[in-house]
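What follows is a short report on a single structure.
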Amino acid sequence: MRLMEGSEAMAEAAIAAGCRFFAGYPMTPFTELHEHFARRLPESGGVCINAESELEAVGMSWGALATGARAATGSTGQGLSLMQESFSEITLAELPLVIFNMARGQQDYFQSTRGGGHGDYRQIVLAPMDIGEAVEHTQLAFHLADTWRTPVLIYGDYLLAHVQEAVDVTPIEFPPVPPKDWALDGSLTGTGRSRIVSPLGFDKHGRPSEGIENHLRAIVAKQERITAEEVRVETGYLEDAETVIVAFGPPGKFVRYVVAALRAEGEKIGYVRPITLWPFPYDAVAAASEGADRVGVFEICAGQMIDDVRLGVLGRAPVAFIGGISTDGSGFGVGPLLDVEPIRARILALHRGEPLPPLPHNERHF
Amino acid sequence: MRLMEGSEAMAEAAIAAGCRFFAGYPMTPFTELHEHFARRLPESGGVCINAESELEAVGMSWGALATGARAATGSTGQGLSLMQESFSEITLAELPLVIFNMARGQQDYFQSTRGGGHGDYRQIVLAPMDIGEAVEHTQLAFHLADTWRTPVLIYGDYLLAHVQEAVDVTPIEFPPVPPKDWALDGSLTGTGRSRIVSPLGFDKHGRPSEGIENHLRAIVAKQERITAEEVRVETGYLEDAETVIVAFGPPGKFVRYVVAALRAEGEKIGYVRPITLWPFPYDAVAAASEGADRVGVFEICAGQMIDDVRLGVLGRAPVAFIGGISTDGSGFGVGPLLDVEPIRARILALHRGEPLPPLPHNERHF
Amino acid sequence: MSEQELLLTGIGGQGVQLCAQVLARGAVIEGKHVMLFGVYGGAMRGMNTDATLVVGDGPLLSPPLLSHTGSAIGMHDKFWRPLAPKLRDGALVLLNDDTFDTPVDPNRYRVLRVPATERASELGHALGGSMVMAGAYAAASGIVGIDALLAGMRESVPSYRTQHIEANERMLRDGFEWATSQGVPA
Amino acid sequence: MSEQELLLTGIGGQGVQLCAQVLARGAVIEGKHVMLFGVYGGAMRGMNTDATLVVGDGPLLSPPLLSHTGSAIGMHDKFWRPLAPKLRDGALVLLNDDTFDTPVDPNRYRVLRVPATERASELGHALGGSMVMAGAYAAASGIVGIDALLAGMRESVPSYRTQHIEANERMLRDGFEWATSQGVPA
Amino acid sequence: MSGTVTIDVDVCKGCELCISACPPRVLSMSQPVNRLGYRYPELAPGCTGCAACQLICPDFVFEVFRAPRAKSGAEAARAGSRSDSGAWPERPGPQGQERE
Amino acid sequence: MSGTVTIDVDVCKGCELCISACPPRVLSMSQPVNRLGYRYPELAPGCTGCAACQLICPDFVFEVFRAPRAKSGAEAARAGSRSDSGAWPERPGPQGQERE
Amino acid sequence: MTQPTDVQLRQVGHKLPELLLTQEHHMCPGCGEPLALRGYLEAISELGLTSRTIAVAGIGCYTSFSMTMDIDLVQALHGRAPSVATGVKRMRPDSIVFTIQGDGDMVNEGLQEVLHTAARGENITCILLNNGVFGETGGHMTSTTVLGQRTKSSLDGRDAAYHGYPILIGDLIAQLQGAVYVARGSVHNAGAVARTKRMFKRAFEIQDQGGGFTFVEVLTMCPTGWFVPTLDGPEYMTETLGSVHIMGELKVDGVVRSTEELHAENVRKSAEVEQALAHGGIVEHQE
Amino acid sequence: MTQPTDVQLRQVGHKLPELLLTQEHHMCPGCGEPLALRGYLEAISELGLTSRTIAVAGIGCYTSFSMTMDIDLVQALHGRAPSVATGVKRMRPDSIVFTIQGDGDMVNEGLQEVLHTAARGENITCILLNNGVFGETGGHMTSTTVLGQRTKSSLDGRDAAYHGYPILIGDLIAQLQGAVYVARGSVHNAGAVARTKRMFKRAFEIQDQGGGFTFVEVLTMCPTGWFVPTLDGPEYMTETLGSVHIMGELKVDGVVRSTEELHAENVRKSAEVEQALAHGGIVEHQE
Ligand SMILES: Cc1ncc(C[n+]2csc(CCOP(=O)(O)OP(=O)(O)O)c2C)c(N)n1
Ligand SMILES: Cc1ncc(C[n+]2csc(CCOP(=O)(O)OP(=O)(O)O)c2C)c(N)n1
Ligand code: SF4
Ligand code: SF4
Ligand code: SF4
Ligand code: SF4
């Protein structure tokens with residue numbers, strides 16, 4: 001066990017999972033993750049590039065992936081927005097990119113789960129609530145990416161990046177992944193069997209090309225299989241729960257804590273914590289809402305996951321938003337709402353049918 | 001009346017609405033729109049720049065907007081993905097950008113309506129079904145953008161860009177928009193009352209700054225007002241409709257045509273055609289589904305708007321997807337599904353509870 | 001249906017798009033509502049080039065891609081196969097006799113074989129068959145009169161091609177007169 | 001609650017973050033579960049710098065931002081105001097006597113005023129108050145013994161600052177002994 | 001130096017770049033068109049086998065041969081099923097640069 | 001040339017850039033710290049009013065004055081409520097570049 | 001096509017580069033890009049690098065060669081090829097990695113990619129097919145279009161006051177310390193094609209020796225985008241693009257050469273080629 | 001602060017530039033950016049351009065001045081200021097439009113923005129505050145960091161083999177035909193600060209006359225990012241950044257000057273400044 005901040009633990013976990021390439025560009029709170037990769041990858045026989053911009057970072061990772069290497073990139077808010085074109089097309093190129101979205105709050109749920117880029121693509125989104133889970137998810141991410149040949153995004157935040165915990169990064173054993181016979185090494189150049197890694201759906205001349213239409217349909221069909229097989233969710237105290245709270249990531253850990261405390265006080269409240277944001281645990285939410293009187297959604301943003309919750313509940317119970325925008329003065333997404341007290345107050349108000357207390361205001365700039 | 005392709009009609013309408021700045025970068029099917037602006041804007045006392053890339057195009061428009069000019073940009077798929085960072089932040093800067101999204105099919109619904117960029121922002125999305133409506137929407141877009149100080153996106157496609165119709169571009173009279181006292185001309189420099197146009201929520205020193213948290217909350221509050229006031233939708237044949245079809249844009253025009261024909265044949269089918277995709281006409285969809293037996297969603301993509309339809313229907317009736325991915329060999333989104341016959345067949349199958357016919361395949365590359 | 005549909009097909013270089021433009025602009029000049037959509041394979045010679053045209057007296061309801069058509073112009077039969085099923089029974093079908101060999105059932109459709117390339121060549125413009133065809137179609141379909149047709153052509157020719165206007169005019173007239181003399185096929 | 005919470009506050013330059021690190025690493029060395037979160041205003045001297053620390057014997061349930069705390073270290077009172085309401089009744093509160101003037105109710109909390117800066121100055125390190133404080137807190141709270149504390153400090157000092165290790169050690173011991181001699185306040 | 005070329009007329013796109021590239025000017029455009037509808041080059045006597053046409057042709061139409069010693073190239077002229085090779089030149093030339 | 005400066009000590013961040021920038025070396029750092037906790041410059045006699053300190057100070061601490069003719073600058077030395085101006089130099093200097 | 005049977009006849013060059021999977025392509029008549037293609041494909045085979053070469057292609061007309069080149073290849077997005085190639089090379093340091101981009105792709109959309117990659121001294125070869133237009137989208141002006149050049153966005157020729165000045169990308173890259181070899185070829189005639197191929201060889205050889213960033217720009221005809229007859233392409237090109245983007249080896253062994261040097265060399269080389277052609281051949285000995 | 005009452009005393013320079021709304025800022029001790037700030041703000045006021053100047057700011061430490069400069073201003077995103085300024089200028093051709101960017105903003109994230117804008121000959125002034133690090137995010141290496149320079153990502157100094165070479169952006173821009181005036185100033189001492197201010201004036205004057213694209217780079221200290229004591233900032237800077245990014249007017253009236261010329265000039269100017277200081281003053285006459 002070593003005291004590590006989340007950024008370091010994630011970098012260590014990535015390396016333990018065989019990640020050998022990383023490229024990034026500084027932006028708070030992503031910067032430290034990049035720094036840890038920069039320090040540790042060369043020591044582990046890998047490469048970390050201080051890319052000159054986010055666009056270049058994602059391009060470099062694309063290239064590394066095309067050789068079959070496990071590779072990752074990441075950023076924050078603005079930087080990830082710049083990478084959206086590439087994310088969309090990397091999905092079409094079926095490359096197993098791992099993306100660290102060290103977000104400022106939870107305002108990037110739509111971008112992460114609906115694809116901020118063009119097209120019908122989706123990426124698997126894992127939302128760890130704390131460092132322990134981040135260590136697990138990071139390794140899982142590389143496994144899922146290779147299994148499905150599709151990008152996997154880890155949704156982190158300022159807390160996950162900077163909180164320090166005593167952790168052990170133990171490599172996780174996963175079932176084998178499909179062989180990467182598509183990976184390029186130049187060896188088939190000139191043999192008539194050369195390969196192409198492309199988002200366009202065309203193979204080399206002489207081999208049957210699916211063409212764009214079939215390619216897009218095949219990607220969507222794969223996404224439907226992922227939807228069926230890869231949903232992950234944690235629930236608690238749902239039996240007889242009158243009020244169900246849905247929350248994810250570190251705020252989900254706060255909610256879990258509060259709900260446990262309220263249960264101890266005898267309040268019939270339960271929670272659903274989506275672990276994969278895409279595919280979203282619609283069934284779990286539906287089941288949880290079945291006997292409930294109300295569903296509350298807590299997000300540190302204006303309310304985005306609530307769409308998915310509503311799609312899961314589908315009218316079975318009223319769905320209310322109990323989160324809100326809350327941030328420090330720098331916009332890093334660590335505001336006064338992210339605290340046990342106000343969360344408790346909002347959950348209780350919902351539970352008792354009282355009006356929600358007003359959102360607390362950030363008073364300090366840090 | 002003059003025969004014009006949609007691209008030309010939209011450029012003319014924009015100029016009629018007072019647009020004086022445009023910047024873009026070629027990409028099919030956006031290219032022609034840009035060409036028409038390049039030809040017509042200088043003649044109209046405006047400026048059109050052949051920007052060196054999409055990122056630069058949106059930056060230039062940002063600058064032009066900051067001076068109070070009516071300005072626009074646009075692109076297609078990949079190009080719009082690259083602009084997402086700017087779209088998000090322009091929304092926070094409260095600048096009235098008009099965006100022409102000449103999409104390849106309808107696969108960019110999520111990106112357009114959920115914000116492909118980071119954060120909680122939304123942009124008003126208008127989806128004309130044909131040139132006549134595009135001429136109207138283009139003018140409306142500039143009006144709404146100035147009224148709300150927020151970006152408005154026009155969702156077009158290959159058909160809208162290239163179909164030619166005989167049209168008259170008549171300027172529309174709108175109520176006055178708020179004065180642009182925030183627009184920069186340098187005149188307040190050095191007066192102690194200089195202005196700042198910024199996404200960050202900070203005003204000049206000495207004036208009360210809302211700060212990031214309040215600024216984000218204010219933007220969201222504005223978006224809620226837009227949601228309440230700016231929904232636009234067309235419905236038809238809904239009285240006694242057993243089957244309701246929802247579709248938008250040019251495919252919506254096909255659906256309308258087919259539904260009209262089926263009604264003429266006595267089938268109890270109606271349609272809802274969202275005109276604003278954001279804010280989405282949830283109420284109209286809810287009302288339409290009230291007495292219906294089923295709701296069908298037709299989109300030329302894997303199914304994205306269907307989320308919004310489900311959020312509107314909210315369990316009142318089963319919602320089925322009857323669209324699909326369909327494109328020509330170049331990926332421009334004009335595939336064999338976009339045809340009266342297959343649409344008719346799919347609507348009828350849904351209506352009669354029969355299995356959907358298989359999706360037609362593109363056989364020609366053009 | 002008060003909306004008249006026309007489907008044009010041929011191969012690159014035959015002037016199919018110009019033919020569609022001339023008819024469309026002619027109809028606009030006559031105050032008609034018009035919708036035109038051209039699909040073509042880019043710069044490549046010999047690739048398919050299609051267009052669809054809808055003309056009506058009032059606002060058009062028809063979408064721009066036609067499932068069915070009441071009339072067609074076939075300049076070449078290379079890419080005709082997938083289009084053939086779109087013809088409505090009784091459709092007016094004008095074929096370029098010189099380059100369209102595929103048989104089209106004259107009992108089911110009103111077929112007019114136009115010696116378009118041949119007549120154009122006689123007028124000294126081997127590549128002008130599409131103008132003869134436009135003239136013939138205008139006459140046979142009645143969607144646009146000869147004056148508007150000629151005016152439509154003048155609008156359609158780009159500034160750097162104005163030298164062709166006169167020849168085009170001759171070919172349009174020729175096709176128009178030829179078709180008029182033939183009478184609309186039954 | 002088997003999880004022990006600590007809130008630290010001070011102003012930039014006082015060593016608050018180092019103090020938290022040393023305590024945290026010490027606890028890890030003793031096999032405890034530890035969670036630490038530092039919030040600081042960046043490079044600016046005189047700005048607020050806070051940290052929260054949770055220590056427990058098993059996996060921690062507490063989230064990293066504390067609504068309430070069972071103990072606190074106040075190195076400076078400049079940014080104390082918003083934190084004061086977080087103290088649980090009976091919380092252990094260690095204050096740097098030299099720079100913390102705001103009164104803290106000794107009836108409600110177990111307050112220990114540590115002459116940290118003064119003792120550090122006497123040991124020749126005017127800026128070392130936070131180390132004295134760490135020692136004092138370790139003793140008063142019992143979350144970590146002196147050996148693990150010293151080892152934790154050694155891990156916390158970056159390679160280019162190793163020259164400070166010895167002095168830090170002296171100050172940690174001093175604080176630990178001082179607090180032990182005082183006994184835990186009731 | 002003497003040589004000859006085979007001309008894969010069916011892939012020619014009629015750009016005529018070879019015509020002016022040919023130093024002895026022994027290529028000229030056909031009257032008939034190929035299956036793509038383009039006119040294509042035809043070879044007149046006098047080819048030196050310099051390969052300029054091969055290098056300048058964007059559609060890879062030319063195969064070039066050279067006779068190191070003066071010799072009838074009638075066989076070559078007949079070779080190539082789809083070729084439209086011109087007559088074999090008479091003049092011998094100096095040994096040029098060439099490659100296997 | 002002689003001059004003096006006023007020093008707005010409370011905004012000084014103690015970077016010491018002014019110390020080495022001063023040609024006659026009449027600035028030196030204080031022992032006490034200001035409200036931000038930084039030491040700040042103090043002026044000794046001999047200032048020429050050259051304004052080097054003003055130009056190099058990132059925190060805009062200095063106001064600089066020059067006496068065109070040799071003259072006691074005691075008034076200036078006292079001026080500025082929060083200033084910590086040093087003694088007025090005695091030596092006159094040549095007329096330097098200056099501006100209103 | 002069968003080989004002539006007479007053993008006395010010796011084949012000169014290859015009809016088709018070995019590394020092409022098919023002869024057919026959909027480029028326009030008179031397009032210069034296939035000529036450059038021949039150059040780099042033959043350079044790879046002739047240097048014996050075939051079984052360890054990886055290409056990264058940008059988006060433009062040349063993209064259709066991604067499917068027909070017999071090379072392990074990554075299809076990049078518009079503008080992004082140099083970064084992608086960087087990632088490839090870092091994970092496959094023993095491979096020869098090169099990019100193919102057009103001027104729109106490289107000097108417009110992705111200008112900073114190639115500059116950063118060059119400055120970083122990445123050990124790859126970037127190839128630019130420079131026709132001064134976005135061919136693929138219909139012939140619009142790019143950042144390399146020279147003053148006076150006709151494009152769809154500048155039908156009367158590029159005008160500095162209205163459109164700004166061209167970027168001489170080869171010259172700019174030559175200024176970067178990380179770039180060791182920078183050359184600008186052309187395909188306006190057979191001699192230029194042959195010379196350009198030598199540039200490709202030089203660049204690949206340097207890369208193979210771990211020499212650092214190498215760059216070969218090739219001026220190519222785009223009669224379609226320029227709205228000129230195919231036949232006039234080469235001459236129009238030398239008069240416009242060629243007179244501003246000066247052909248030659250701009251930087252050799254890390255040393256930048258002056259425009260005067262280049263000019264003198266160009267005059268000399270042209271004379272040599274004409275002589276060689278007059279003597280019946282310019283295709284080089286296999287190296 | 002009140003003015004001295006003795007009429008004989010003449011104020012030299014201004015304590016605070018007129019165009020600042022407050023004296024306070026949150027830059028680190030010893031930061032060079034406020035020194036450059038003084039230069040361009042005073043240049044604007046002294047040239048009488050105050051009431052028609054519009055600024056566009058990038059994202060870096062200097063962004064905090066967006067709120068405190070008394071200038072109509074657009075806050076751009078990281079890297080995008082030159083395009084934003086282009087849009088502003090095209091709609092306000094009579095205004096003076098300038099950008100403020102750091103090396104991270106301009107030479108990393110937005111390298112192609114400034115190059116395209118310069119090539120286009122856009123009639124604006126781009127200002128670069130070059131400290132060779134991303135100050136704001138904690139002092140990481142940028143594309144201008146010189147070999148051997150210490151940053152958070154290169155604590156042992158930038159190493160060419162590992163990190164690549166720096167981009168000398170001023171020199172690169174000087175190569176572009178659209179750029180008419182390119183200068184590189186510095187703030188390592190009072191003389192350099194004064195000289196840099198003259199560069200700003202020159203640039204703004206040219207813009208005011210519609211001359212075209214002007215560019216002023218300023219080398220600034222970032223002791224925080226370099227991990228050096230504030231006191232050592234200027235010297236560390238001249239030894240690292242300053243010895244590679246050579247100070248001087250790199251391009252005047254469209255003519256690029258050689259490094260030798262610049263060196264000679266720098267020696268001469270330094271001597272002049274020392275003399276001036278010895279004689280008691282370097283603040284210029286108001287123009
Ligand atoms: C991000 C993005 N923007 C625009 C396009 C559209 N596009 C495709 S190819 C092309 C131009 C290619 O020009 P160039 O690289 O010069 O190659 P050429 O076609 O001239 O061979 C453009 C703009 C795109 N594919 N992606
Ligand atoms: C797209 C994007 N990527 C990254 C960042 C994070 N970021 C903010 S400031 C900065 C560096 C600024 O460096 P520079 O421009 O050199 O200015 P300095 O801080 O050194 O003054 C970065 C990377 C951002 N704001 N936006
Ligand atoms: S004005 Fe000149 S002499 Fe006076 S204190 Fe400042 S630097 Fe020194
Ligand atoms: S230069 Fe300014 S901030 Fe620095 S020590 Fe001197 S007065 Fe203080
Ligand atoms: S458009 Fe230009 S570059 Fe593209 S294939 Fe045609 S000639 Fe070549
Ligand atoms: S980090 Fe560097 S650039 Fe930023 S304020 Fe501090 S010293 Fe200045």
Side-chain angles (χ1 to χ4, degrees), chain A residues 54-55 76-89 103-105 107-108 110-111 113-121 200-201 211-214 216-217 219-220 223-224 301-304 307-308 310-311 313-316 324-331 335-336 359 361-362 365, chain B residues 54-55 76-89 103-105 107-108 110-111 113-121 200-201 211-214 216-217 219-220 223-224 301-304 307-308 310-311 313-316 324-331 335-336 359 361-362 365:
Chain A
E54 291 87 355
L55 278 175
T76 296
Q78 284 92 329
L80 280 163
S81 293
L82 287 167
M83 294 183 177
Q84 293 302 323
E85 182 202 18
S86 295
F87 290 166
S88 169
E89 299 281 333
R104 297 181 175 179
Q107 52 170 359
D108 302 334
F110 279 147
Q111 187 189 57
T113 61
R114 298 300 193 270
H118 53 288
D120 278 310
Y121 79 103
L200 303 176
I212 295 185
E213 188 181 79
N214 288 327
L216 296 176
R217 288 181 185 171
I219 295 288
V220 168
Q223 290 174 174
E224 279 161 11
C301 69
Q304 300 188 8
D307 271 16
D308 276 331
R310 286 214 177 92
L311 286 169
V313 173
L314 225 53
R316 289 182 191 85
I325 291 170
S326 184
T327 181
D328 52 287
S330 300
L359 284 176
H361 276 270
N362 166 54
H365 293 232
Chain B
E54 290 88 353
L55 278 176
T76 297
Q78 283 92 329
L80 280 163
S81 292
L82 287 167
M83 295 182 177
Q84 293 302 323
E85 182 203 18
S86 295
F87 290 166
S88 170
E89 299 282 334
R104 297 180 174 179
Q107 52 171 1
D108 302 334
F110 278 146
Q111 187 189 58
T113 61
R114 297 298 191 273
H118 53 288
D120 279 310
Y121 78 104
L200 303 176
I212 295 186
E213 188 181 79
N214 288 327
L216 296 176
R217 289 180 185 171
I219 295 288
V220 168
Q223 290 174 175
E224 280 161 11
C301 70
Q304 300 188 9
D307 272 15
D308 277 331
R310 285 215 177 91
L311 286 170
V313 173
L314 224 53
R316 289 182 191 85
I325 291 170
S326 185
T327 180
D328 52 287
S330 301
L359 283 177
H361 276 269
N362 167 54
H365 294 231

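Sequence lines set the chain letters: A, B, ... in the order given, protein chains first and strands last, and positions in each chain run from 1.
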Apply side-chain hydrogen bond (donor to acceptor under 3.5 Å, both in side chains) to A:R114 and list each qualifying residue two or more places apart in sequence or on a separate chain. A:D308, B:D307
Under the 3.5 angstrom rule, does the side chain of B:E85 hit a backbone N or O of A:L82 as a donor-acceptor pair? no
Ignoring hydrogens, what is the shortest heavy-atom contact between B:E213 and A:T327? Give both atom names and the distance. OE2-N, 2.9 Å
The criterion is side-chain hydrogen bond (donor to acceptor under 3.5 Å, both in side chains); which residues satisfy it with A:Q78, sequence neighbours excluded? B:E89
Between B:D108 (side chain) and A:G119 (backbone), is there a donor-acceptor pair under 3.5 Å? yes
Among the listed options A:L80, A:I212, A:L311, the residue most often paired with chain B at heavy-atom distances under 4.5 Å: A:L311
Okay, B:L200 and chain A: the region with an atom under 4.5 Å from a heavy atom over there is neither
If I measure from the heavy atoms of chain A, does B:L216 come under 4.5 Å with its side chain, its backbone, both, or neither? both
What are the two closest heavy atoms between B:A302 and A:V220, and how far apart are they? CB-CG2, 3.6 Å
B:S88 versus chain A, the contacting section by heavy-atom distance below 4.5 Å: neither
Taking side chain as C-beta onward, heavy atoms only, is A:T76 less than 4.5 Å from B:H118? no
B:L55 and A:L55: CA distance, side-chain angles, deciding distance, side chain to side chain contact (heavy atoms under 4.5 Å, CB included) verdict: CA-CA 11 Å; B:L55 278 176; A:L55 278 175; 3.8 Å; yes
Find the one option among B:G303, B:G315, B:G117 whose heavy-atom pairs under 4.5 Å with chain A are most numerous. B:G117
Any donor-acceptor pair under 3.5 Å from B:D120 side chain to A:C301 backbone: no
Counting N and O atoms only, with roles assigned by atom type, does the side chain of B:S81 sit under 3.5 Å from a partner on the main chain of A:Q84, one being a donor and the other an acceptor? no
